[in-house]
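To start, the structure itself, in structure tokens.
Excluded from the calculations below are hydrogen atoms, water molecules and symmetry mates; all remaining heavy atoms, backbone and side chain alike, are included. All figures in this text were calculated on a predicted structure; none of them were measured in a lab.
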Amino acid sequence: MYENRFYTLSAGHKLCYLPKGGEKPIELELPRFHIDGQDTGAPGPMEERPANDLGGGFQLLSWEGAYPCGARLALEARVCEETPFVRFRYILSGKEGMRFTKPGGNESLTYFSYASPVGAQRTEVRLSDYDFKVHSYCLTELPAFEREPDAMGPILAEQRGDYAMLTAYEHGSQYPDKFLAFYPDGDGVALKAVKGNTWQGQPISPTPYDTIWFQIGAVKGDVDSLARAYREFQLKYCTPNRESRKPYIFYNTWAFQERNKFYNNAAYLDSMNYDRICKEIDAAHEMGIEVFVIDTGWYQKTGDWEVNLERFPDGLKEVRKRLEGYGMKLGLWFNPTVAAVTSRLLEEHRGTVAQKHGQETRPFPIWETEESYPMCIVSEAWEAFADQLVRLYKELGVTYFKWDAVNLYGCESAGHLHGGPESSVQENGDCYAFLIGRYLSKIVDRLCEECPEAIVDMDVTECCRYFGLGFLSSGKFFAINNGPYFQDFDIEPPEDVWINTFVHPGPARPRICRGVLAYDKWIPSVLMMTHYLPDDPEGSQLMNLATLILGQNGIWGDLPAVSAGGKALFRKVLDAYKRVRDDITAASPVTLGHPGSTFEVYEKLNSSGRGVVSLFGSVPGLYRYRLENSPSGQPICFGPARLAEEQDGLYIEADFTAPGAAIVFFGCDKA
């Protein structure tokens, strides 16, 4: 049995989680599989094994048991003394020849079920609704099972009297394309496989079947209290890859590459040269940026991921030296699922080219570089790609890796690691989509073992990508690009016109991008990278700054073209931000209004009163906002804001003469 100040955890015939002060444990039934044509039923009692100390207050607990058919079940639980939430998974192994069977071709796998008190109120927290109005994923909270027979989640919250609990699963399916779902089960709930979790005839020997990770936890209070505790879990205790949780200020070259294409009739890669990149680095340093990301075009060919020596004859050595001189980190762009026609990776791993409809997929151009084959990452190719990332860290000091263009569906081969002789083409494709996120996480975790400073940021700015809790247990998301396209509003753009609509300075782009901040209730905004514009005039700069410091922390645009005053404003605001950014990152949001409303406020103050309040006005006028939390220290204000003490509390007054923003930092004067 394991115990900390939040709960006790044990396993016998069930996995038992008992919140401290709670009257009854939450008992999860152990998983049931379908093996060799038979339901396994429940396993016998689980026996506890010695715990593995992972350091830093983390432990890996384990139990083992057996099914009547002879298959063995291991339960692993990753726990930490500082959080009420537990990550756990199952590992199924068996005798030679044992394999999964699927009666009627359907999944027959229940991961867990549990009973609930009568009257328990359940909330589905859906992370992967795609909203084409803003061209981004969005968070949705709704009563579970009220209008649908199941709940995809991946989070299911439940109010049980004085306690709120959640169960969740770490995957990245996109609503309504469900791979797992919660179902009503008598007086409780069951989490079941829907598709892609296994394939017909999948062996469990000699390679065991390990499930995805699941989560369970409970706190005293309501679902809002649960969300605050879960947000802290995601920030501090969910992954050992802690660098991904730090609020660095990032710059990415892509926006200028797009501008150069559409404003100057140039090529996307014309700015991929030493002179231009160094000008951007110098400007980024002036403005206070810490991570400089070179987007697509730095490489000679995909797959091999070697520096293009025609564009950077010294192999980025001078770029690295310049960045290190400024104390900045280097980041690079990648597509993990392609390899150039003449690449060594393709030659060495030709059997891992993705297949569709029984045929090898065809190569296609990658951003004005050599044509590349789509590759199946759910194969031995994952290790080859991981090796390249580790090499770039060791050779060039790359610590930030932006991944792009990774879609859920990509391969239907039965000869890789997502199908077999008995599986159908449909199964192979579904299993690829189910497994791709797990293999992406394997790459991240292997990289971070070699390079603890590494951050992997996956672009989920288009629909049908792997968006959910699975990848967040290893890295973070690049959540929104430029917002919607013309086509999202049924507008046919003229030829050679930038297809994005929100690429200009002013209030519109920040309004669109602030929509992603809805995740901040459950998922810290530092895990939802979004880039804001530095362009003059000052009013636009302040609106972009007031938004990015709420945690999304990205900047892109034409930095050398920003005025001296604009660069200085960014430096002043970001210098103040850096003194309290850890406090802002830790703080759960208090909000008023919504993106685009007449008056909109985001209060991000931690328990010590340190942090920031960002205020936005869409219509001229005097607005007053009373703080919910008690602030600390002397305020530092940017924009038309001042403080007013009243009997009922402390107010911020913002006098907008035009659509604009104001920023008030608290605690910057304290160490």
Keeping [X] on the side-chain end and [Y] on the backbone end, is there a donor-acceptor pair under 3.5 Å?
| X | Y | answer |
| --- | --- | --- |
| Glu170 | Ser473 | no |
| His171 | Phe434 | yes |
| Thr211 | Tyr90 | yes |
| Ser128 | Tyr175 | yes |
| His416 | His418 | no |
| Ser205 | Gly97 | no |
| Lys102 | Thr198 | yes |
| Trp298 | Trp333 | yes |
| Asn197 | Phe179 | yes |
| Glu370 | Val341 | yes |

Taking [X] first and then [Y], would you say they form a salt bridge - that is, a charged N and a carboxylate O separated by under 4.0 Å?
| X | Y | value |
| --- | --- | --- |
| Arg122 | Glu158 | yes |
| Glu107 | Lys192 | no |
| Lys301 | Asp304 | no |
| Glu450 | Lys394 | yes |
| Asp404 | Arg465 | yes |
| Glu348 | Arg344 | no |
| Glu360 | Arg350 | yes |

Would you say the rings of [Y] and [X] are close, in the sense that their centroids are separated by under 6.0 Å?
| X | Y | answer |
| --- | --- | --- |
| Phe85 | Tyr237 | no |
| His531 | Phe250 | no |
| Trp403 | Phe385 | yes |
| Tyr268 | Trp254 | yes |

(request) May I ask you to check if Arg87 and Phe233 form a cation-pi contact, with NZ or CZ under 6.0 angstrom from the six-membered ring centre and within 45° of the axis? (result) no
(request) Evaluate the side chain to side chain contact (heavy atoms under 4.5 Å, CB included) criterion for residues Glu29 and Thr110: first the C-alpha distance (whole Å), next the side-chain angles of each, then the deciding distance (0.1 Å), finally the verdict. (result) CA-CA 9 Å; Glu29 299 284 349; Thr110 300; over 6 Å; no
Any side-chain heavy atom of [X] sitting closer than 4.5 Å to one from [Y]?
| X | Y | result |
| --- | --- | --- |
| Leu346 | Tyr373 | yes |
| Tyr111 | Tyr169 | no |
| Tyr209 | Ile35 | no |
| Tyr400 | Tyr248 | no |
| Phe182 | Glu124 | no |
| Leu435 | Leu417 | no |
| Ile455 | Lys246 | no |
| Met529 | Gln552 | no |

Do you know which two heavy atoms are closest between [X] and [Y], and how far apart they sit?
| X | Y | value |
| --- | --- | --- |
| Tyr409 | Lys356 | O-NZ, 4.4 Å |
| Tyr485 | Asp488 | N-OD2, 2.8 Å |
| Gly551 | Asn553 | C-OD1, 3.1 Å |
| Val338 | Ser372 | CB-CB, 3.9 Å |
| Leu408 | Tyr466 | CD2-CD1, 3.8 Å |
| Tyr519 | Leu127 | OH-O, 2.5 Å |

(request) Name all residues meeting the salt bridge (Lys or Arg N to Asp or Glu O under 4.0 Å) criterion together with Glu422; count only those two or more places apart in sequence or in a different chain, and write none if there are none. (result) Arg99
(message) Once salt bridge (Lys or Arg N to Asp or Glu O under 4.0 Å) is applied, do any residues pair with Lys95, and if so which ones, sequence neighbours excluded?
(response) none
What is the distance from atom [atom1] of [X] to atom [atom2] of [Y], rounded to the nearest 0.5 Å?
| X | Y | atom1 | atom2 | value |
| --- | --- | --- | --- | --- |
| Asn481 | His135 | CG | NE2 | 8.0 Å |
| Cys431 | Ile436 | SG | CD1 | 13.0 Å |
| Ser379 | Tyr439 | OG | OH | 8.5 Å |
| Ile155 | Thr123 | CD1 | OG1 | 11.0 Å |
| Phe58 | Thr83 | CZ | OG1 | 8.5 Å |
| Cys69 | Phe33 | SG | CZ | 10.0 Å |

(request) State whether the number of non-hydrogen atoms from other residues, nucleotides or ligands found under 6.0 Å of Glu347 atom CD is greater than 12. (result) no
Would you say the side-chain atoms of [X] and [Y] include a donor-acceptor pair closer than 3.5 Å?
| X | Y | result |
| --- | --- | --- |
| Asp295 | Thr253 | no |
| Gln355 | Asn428 | no |
| Arg231 | Gln234 | no |

(request) Apply side chain to side chain contact (heavy atoms under 4.5 Å, CB included) to the pair Leu389 and Val456, showing each step before the final yes or no. (result) CA-CA 10 Å; Leu389 303 187; Val456 179; 5.5 Å; no
(request) Walk me through it: do Tyr183 and Val194 pass the test side chain to side chain contact (heavy atoms under 4.5 Å, CB included)? (result) CA-CA 11 Å; Tyr183 293 85; Val194 175; 3.6 Å; yes
(request) Please determine which of Pro484, Ser136, Cys138 meets the side chain to side chain contact (heavy atoms under 4.5 Å, CB included) test together with Asp131. (result) Cys138
(request) Step by step, work out the side chain to side chain contact (heavy atoms under 4.5 Å, CB included) result for Asp520 and Met528. (result) CA-CA 9 Å; Asp520 201 26; Met528 297 289 173; over 6 Å; no
